[in-house]
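Any value given below was found using the heavy atoms of this structure, including those in side chains, with hydrogens, waters and symmetry copies removed.
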Amino acid sequence: MTRTLIKDLASLPDGPVKVQGWVETVRDQKRVQFVILRDETGSAQLVNPVNEETAETAATISGLMHGSFVTVEGDLKADERVKLGGLEVKVRSLTVESVAKDSPIADDSSIDKRLDWRFLDLRRPEAQLIFRVQTTIEHAMRQHWIDEGFIELHTPKLMATASESRAELFEVPYFETTAYLAQSPQLFKQMAQSAGFGKIFEIGPAFRADPSFTSRHATEFTSIDSEISWIDSHEDVMQLHETLLAKALTAVVERHGAEIEQHFGITLEAPALPFPRIPHAEVKAIVEARGHSIEREDGDLDPEAERQISAHVKETTGHDFVFVTDYPSSVRPFYHLRPEGDGSITNSYDLIYNGVEISTGAQREHRVDVLEAQIVEKGMNPAELEEYLDFFRYGTPPHGGFGMGLARVAMLMLGLGSIRESTYLFRGPTRLTP
């Protein structure tokens, strides 16, 4: 008999079925036994009347431990009295595929304890929903990229030099030299523009040797990146970015909206286009008017400023997203383009979602002489970036792009307390297992 997924039981007529999954609960009563069985799609009630004919099965069910995986053949029957889906399966045979021990975690276990036993923690339906949502996000974005003629790249994660800041590099022994884990595909995204690819994207791992223990930082994360040629300004990048997110959220609402409301208590809605755009200098004034003084020496926004500008936008426009644009050149990397006539700002942005920054995007500087000057201005040595600068010595179109963390987007979308919840296997300064 072919296996039936639990989500498909409701569409079947009464009759023989085969279901497989793990045991959630057992109610062992004198005359009848009830088992709640879960698979990757949902839960169903099994029932076994206790009598002489079912004595062997009854003994097996009495000994079942939570989490044991079983195969059950039985008879499906619709019964509106059954709270779980209005149906149940009367057991004819039950085979224990693997026996579980007592679970080392409980509903009230700490996040660190649950991460120690992540494979058990992920059996929760709300945990699995997080990764179904991420799958939908990636698929919707990838579909748009492909429909628009983008090329998907898989860039190296072992690098000979830093892609951004040397302070956040992981060093790796590499034969007789040292390699570094890629902080982002930035260099290779730009190389693709010099190669004439035009429009590219990548969804892949990135690594930051950042000793932060905040709820939104990880040392390894999945980065969503895109880069496009022949742009007029960072406005072109923002239009691509907001379109991708709108398509992703629309798909999530359509496919998972009811489940998200059930498990997380959130009524998710697709965002309206365009997203609000506010220049960085104006953001600082708004935040200060709301009573928060930004004390960072470099002038960049701090987490409270991000929360405050997000609250302002929500109150005035009802929007969950806001582009903070035109960042000062003092807080941006050397490769961000500065508009003609004003070297104090850059054609760049941060995208804030529900009070937290999820992405940085920009128009890149494509003129090699300007790049060299800005490298020196930033206190760096152009000789260390010769290979990167070669990309621009042989012609490069005006271009720009963004990078965005998948787990952070999912965390904010679902109202989770930590990126640890939205990462399949979290990596942080003190966690390398499981």
Side-chain angles (χ1 to χ4, degrees), residues 134 137-138 141-142 144-146 148-172 174 178-210 217-231 234 236-238 240-241 244-245 248 332-337 346 348-351 357-366 371 375 380 384-392 396-409 423 427:
Q134 289 189 20
I137 291 170
E138 292 187 56
M141 289 186 171
R142 184 173 274 110
H144 178 75
W145 280 315
I146 291 172
E148 295 298 317
F150 281 65
I151 295 173
E152 181 171 9
L153 297 183
H154 302 286
T155 61
K157 304 310 167 195
L158 288 169
M159 302 181 64
T161 58
S163 53
E164 293 188 20
S165 167
R166 284 192 173 276
E168 296 182 348
L169 282 171
F170 284 113
E171 295 187 359
V172 180
Y174 195 75
T178 298
Y180 305 93
L181 295 180
Q183 300 156 301
S184 84
Q186 182 62 43
L187 275 61
F188 304 117
K189 288 192 300 182
Q190 291 191 262
M191 189 185 82
Q193 309 313 301
S194 298
F197 279 29
K199 299 182 291 186
I200 64 94
F201 72 94
E202 177 175 18
I203 301 176
F207 305 86
R208 297 285 172 96
D210 184 348
H217 287 95
T219 54
E220 178 181 356
F221 61 96
T222 298
S223 185
I224 299 172
D225 288 86
S226 196
E227 201 83 10
I228 52 176
S229 286
W230 300 113
I231 67 173
H234 52 318
D236 298 285
V237 183
M238 287 188 284
L240 168 65
H241 202 162
L244 285 163
L245 280 166
R332 287 312 207 200
F334 70 87
Y335 54 81
H336 282 195
L337 185 142
T346 57
S348 70
Y349 66 85
D350 275 358
L351 178 55
E357 177 262 310
I358 59 170
S359 175
T360 296
Q363 180 177 8
R364 320 302 188 187
E365 180 55 69
H366 61 282
L371 275 171
I375 289 170
M380 303 168 69
E384 295 182 357
L385 292 163
E386 279 296 299
E387 188 173 315
Y388 172 76
L389 291 170
D390 277 346
F391 301 161
F392 306 94
T396 303
H399 63 282
F402 69 85
M404 178 173 67
L406 174 63
R408 192 177 290 189
V409 172
T423 303
R427 292 293 179 261

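Annotation for Leu187 and Phe391: closest pair O-CE1, 3.4 Å, computed over non-hydrogen atoms. Contact between His366 and Pro397 at its shortest, heavy atoms only, is CB-O, 3.8 Å. The shortest non-hydrogen separation linking Thr360 to Asp350 is OG1-OD1, 2.7 Å. Across all non-hydrogen atoms, the minimal contact from Met159 to Ser184 is SD-O, 4.5 Å. For Glu220 against Pro205, the heavy-atom pair with the smallest separation is OE2-CB, 4.3 Å. Considering all non-hydrogen atoms of both residues, Gly400 and Val237 come closest at C-CG2, 3.7 Å.
Put simply, the side chain of Val172 does not reach to within 4.5 Å of the side chain of Thr178, judged on heavy atoms. Taking the side chain as every heavy atom from C-beta outward, Phe188 and Leu153 never approach each other to under 4.5 Å. Annotation: side chain of Arg408 is not in contact with side chain of Phe221 (no heavy-atom distance under 4.5 Å).
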Candidate pair Leu158 and Leu181, rule side-chain contact (heavy atoms from CB on, under 4.5 Å), full reasoning | CA-CA 5 Å; Leu158 288 169; Leu181 295 180; 4.0 Å; yes

Quick one: do Gln190 and Gln186 satisfy side-chain hydrogen bond (donor to acceptor under 3.5 Å, both in side chains)? Show the steps, please.
-> CA-CA 6 Å; Gln190 291 191 262; Gln186 182 62 43; 3.0 Å; yes

side-chain contact (heavy atoms from CB on, under 4.5 Å) evaluation trace for Gln183 with Phe207 = CA-CA 5 Å; Gln183 300 156 301; Phe207 305 86; over 6 Å; no

How far apart are the C-alpha atoms of Gln193 and Ser229, what are their side-chain angles, what is the distance that settles it, and do they pass the side-chain hydrogen bond (donor to acceptor under 3.5 Å, both in side chains) test?
-> CA-CA 6 Å; Gln193 309 313 301; Ser229 286; 2.5 Å; yes

Stepwise, does the ring-ring contact (aromatic ring centres under 6.0 Å, His included) test hold for Phe334 with Tyr388?
-> CA-CA 12 Å; Phe334 70 87; Tyr388 172 76; 5.8 Å; yes

side-chain contact (heavy atoms from CB on, under 4.5 Å) between Arg142 and Phe201, worked out = CA-CA 8 Å; Arg142 184 173 274 110; Phe201 72 94; 3.9 Å; yes

Please step through side-chain contact (heavy atoms from CB on, under 4.5 Å) for the pair Thr155 and Asp225, ending with a clear verdict.
-> CA-CA 11 Å; Thr155 61; Asp225 288 86; over 6 Å; no

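Heavy atoms from other residues, nucleotides or ligands lying under 6.0 Å from CZ of Phe170 number more than 12. Counting non-hydrogen atoms of other residues, nucleotides and ligands closer than 6.0 Å to CD of Glu152 gives a total above 12.
If you take OH on Tyr349 and CD on Glu357, they are separated by 10.5 Å, rounding to the nearest 0.5 Å. Between the CG atom in Leu244 and the CD1 atom in Ile137 there is a gap of 12.0 Å [rounded to 0.5 Å]. With values rounded to the nearest 0.5 angstrom, Ile231 atom CD1 is found 10.0 Å from Met238 atom CE. A distance of 9.0 Å separates CH2 of Trp145 from CD1 of Ile200, quoted to the nearest 0.5 Å. The distance from atom CG of Leu406 to atom CD1 of Ile203, rounded to the nearest 0.5 Å, is 7.5 Å.
The side chain to side chain contact (heavy atoms under 4.5 Å, CB included) test with Leu245 is passed by exactly one of Leu351, Ile224, Leu240: Leu351. Checked options His399, His234, Glu227; the residue passing with Arg364 is Glu227 (criterion: side chain to side chain donor-acceptor pair (under 3.5 Å)).
Side-chain atoms of Lys189 never come within 3.5 Å of backbone atoms of Gly401 as a donor-acceptor pair (strictly under, hydrogens ignored).
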